[in-house]
Amino acid sequence: LNDMVEQTRCIVDAVDLPVIADAEGGFNDAPNIWRTVQAFERAGAAAIHIEDHAFGKHADVPQQLHPLATAAGRIRAAVEAREDPNFLIVARCDAAWVSGDIEETVRRLDAYAEAGADLVFPTMVPPPQLGEIRSRLKRPVMVVDSPGFTLADEARAGAAIVLYYGFSALVQFAALTRALERFKTSGDAGTVPELHGRVSEFERFMGYDAFADRARRYGVGKQ
């Protein structure tokens, strides 16, 4: 929890956009989930999503969901714990991921909506399936992007928010891998595109100009 909250705080401080944070399964059971909500609220997040996946996510082992009553109780407790009424609680259901069961997904998301979730979040439900079940869901829908479909496809299917999973991290990984491979082959960093060509732009992006202005204003470095 502390690691995720600190990452959220850093991102909130760096951008001027609302930040949606991943609160995993809530990090605490219902009686103590107020700690999770309070931590993300204080970090400046605009919303968190809480999932019902109990074990095995992203691993080649049997997948498990929390019992429906347990998962709904976490959502109800999180909603009641928030202090800022504009702080959104998103309820994520991984039933389609674990078993492919769309009916169970709808049943669970309905229960989470009844528990007070502001949005519901089915995973592994691509636009064709989402379009079929959207009218059965009682809250606005958030989804993770489905490979092979566009943002317009997701919107037409009824998604209110689309999370592009790993977008910046994966793109950066690919770019850095290509750059290192080229440098390893050539031994010449000058052959790596854009290594030196955008230094000034990068420094402006990082806020170096503002730092230099403050240093001059306050006479830092003068003897």
Side-chain angles (χ1 to χ4, degrees), residues 4 18-30 33 36-37 40 45-82 87-170:
M4 296 291 279
V19 172
I20 302 170
D22 184 351
E24 298 290 344
F27 297 104
N28 289 286
D29 289 330
I33 206 167
T36 300
V37 175
F40 279 107
I48 56 173
H49 53 84
I50 299 171
E51 67 194 39
D52 54 10
H53 213 134
F55 181 76
K57 191 172 67 169
H58 297 301
D60 188 19
V61 297
Q63 309 289 301
Q64 298 176 20
L65 298 182
H66 287 292
L68 176 55
T70 299
R74 281 197 172 114
I75 298 301
R76 182 175 298 106
V79 169
E80 293 177 0
R82 64 182 167 192
F87 182 81
L88 301 180
I89 305 295
V90 184
R92 167 174 157 162
C93 177
D94 285 355
W97 180 351
V98 170
S99 66
D101 191 335
I102 296 300
E103 290 303 314
E104 178 66 7
T105 298
V106 172
R107 185 172 79 93
R108 282 176 168 263
L109 291 179
D110 275 349
Y112 304 158
E114 291 295 330
D118 300 293
L119 292 91
V120 293
F121 180 1
T123 57
M124 297 296 183
V125 179
Q129 286 181 311
L130 180 62
E132 293 173 6
I133 67 172
R134 175 64 189 90
S135 63
R136 299 170 59 191
L137 301 175
K138 299 176 181 178
R139 293 288 188 273
V141 176
M142 182 166 78
V143 296
V144 173
D145 66 298
S146 298
F149 294 93
T150 67
L151 179 60
D153 294 331
E154 306 277 11
R156 279 193 294 269
I161 298 174
V162 182
L163 302 180
Y164 276 78
Y165 168 75
F167 186 99
S168 58
L170 293 171

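For this chain, numbers begin at 1 and follow the sequence in order. In what follows, every heavy atom counts, from backbone to side chain, and hydrogens, waters and symmetry copies are set aside.
Looking only at side-chain heavy atoms (C-beta outward), Glu103 and Arg136 come within less than 4.5 Å of each other. With a 4.5 Å cut-off on side-chain heavy atoms, Asp22 and Glu24 count as touching. Using a 4.5 Å cut-off on side-chain heavy atoms (C-beta onward), Glu154 and Val143 make contact. Side-chain contact check for Phe87 versus Val37: some heavy-atom pair is nearer than 4.5 Å. Side-chain contact between Tyr165 and Asp145: present, with at least one pair of heavy atoms (C-beta onward) separated by less than 4.5 Å. With a 4.5 Å cut-off on side-chain heavy atoms, Arg82 and Asp118 count as touching. Residues Leu65 and Glu51 fail the side-chain proximity criterion, which asks for heavy atoms closer than 4.5 Å. Within the 4.5 Å cutoff, no side-chain heavy atoms of Val90 are placed close to those of Val120.
Between Trp97 and His53, the ring-plane angle classifies as perpendicular under the 30° and 60° cut-offs.
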Item to check | Worked verdict on Arg107 versus Asp110 for salt bridge (Lys or Arg N to Asp or Glu O under 4.0 Å) | outcome: CA-CA 5 Å; Arg107 185 172 79 93; Asp110 275 349; over 6 Å; no
Next on the checklist: Using side chain to side chain contact (heavy atoms under 4.5 Å, CB included), reason through Arg92 and Tyr112 one step at a time and then give a plain yes or no.
Outcome noted: CA-CA 9 Å; Arg92 167 174 157 162; Tyr112 304 158; over 6 Å; no
Item to check | Worked check of side chain to side chain contact (heavy atoms under 4.5 Å, CB included) between Ile102 and Ile133 | outcome: CA-CA 8 Å; Ile102 296 300; Ile133 67 172; 3.6 Å; yes
Next on the checklist: Please determine whether side chain to side chain contact (heavy atoms under 4.5 Å, CB included) holds for the pair Ile50 and Ile75, giving the CA-CA distance in whole Å, both sets of side-chain angles, and the decisive distance to 0.1 Å.
Outcome noted: CA-CA 7 Å; Ile50 299 171; Ile75 298 301; 4.0 Å; yes
Next on the checklist: Please determine whether side chain to side chain contact (heavy atoms under 4.5 Å, CB included) holds for the pair Phe121 and Cys93, giving the CA-CA distance in whole Å, both sets of side-chain angles, and the decisive distance to 0.1 Å.
Outcome noted: CA-CA 6 Å; Phe121 180 1; Cys93 177; over 6 Å; no
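Residue pairs meeting the salt bridge (charged side-chain N to carboxylate O under 4.0 Å, His left out) criterion with at least one member in residues 59-78, sequence neighbours excluded, are Asp29-Arg74.
Residues Thr150 and Tyr164 come closest through the heavy atom pair C-OH, 4.2 Å. Here the closest non-hydrogen pair linking Ala77 and Ala30 is CB-O, 3.4 Å. Counting all heavy atoms, side chain and backbone alike, Ala72 lies closest to Ala115 at O-CB, 3.6 Å.
Proximity of a side-chain donor or acceptor of Asp52 to a complementary backbone N or O of Asp94 within less than 3.5 Å is detected. Not a single donor-acceptor pair under 3.5 Å links the side chain of Thr70 to the backbone N or O of His66. Although no hydrogens or angles enter the test, the distance criterion places a donor-acceptor pair under 3.5 Å between the side chain of Thr36 and the main chain of Gly26. A side-chain donor-acceptor contact under 3.5 Å links Arg134 to the backbone of Leu137. Listed for the Gln63 side chain is a donor-acceptor partner under 3.5 Å among the backbone atoms of Gly56.
To the nearest 0.5 Å, atoms CG (Leu88) and NE2 (His49) are separated by 12.5 Å. Here the CD1 atom belonging to Ile48 is positioned 4.0 Å from the CD1 atom belonging to Ile89, to the nearest 0.5 angstrom. Atom CD of Glu104 and atom CG of Leu68 lie 7.0 Å apart (nearest 0.5 Å). In this structure, the separation between CG on Leu109 and CD on Glu114 is 12.0 Å, given to the nearest 0.5 Å.
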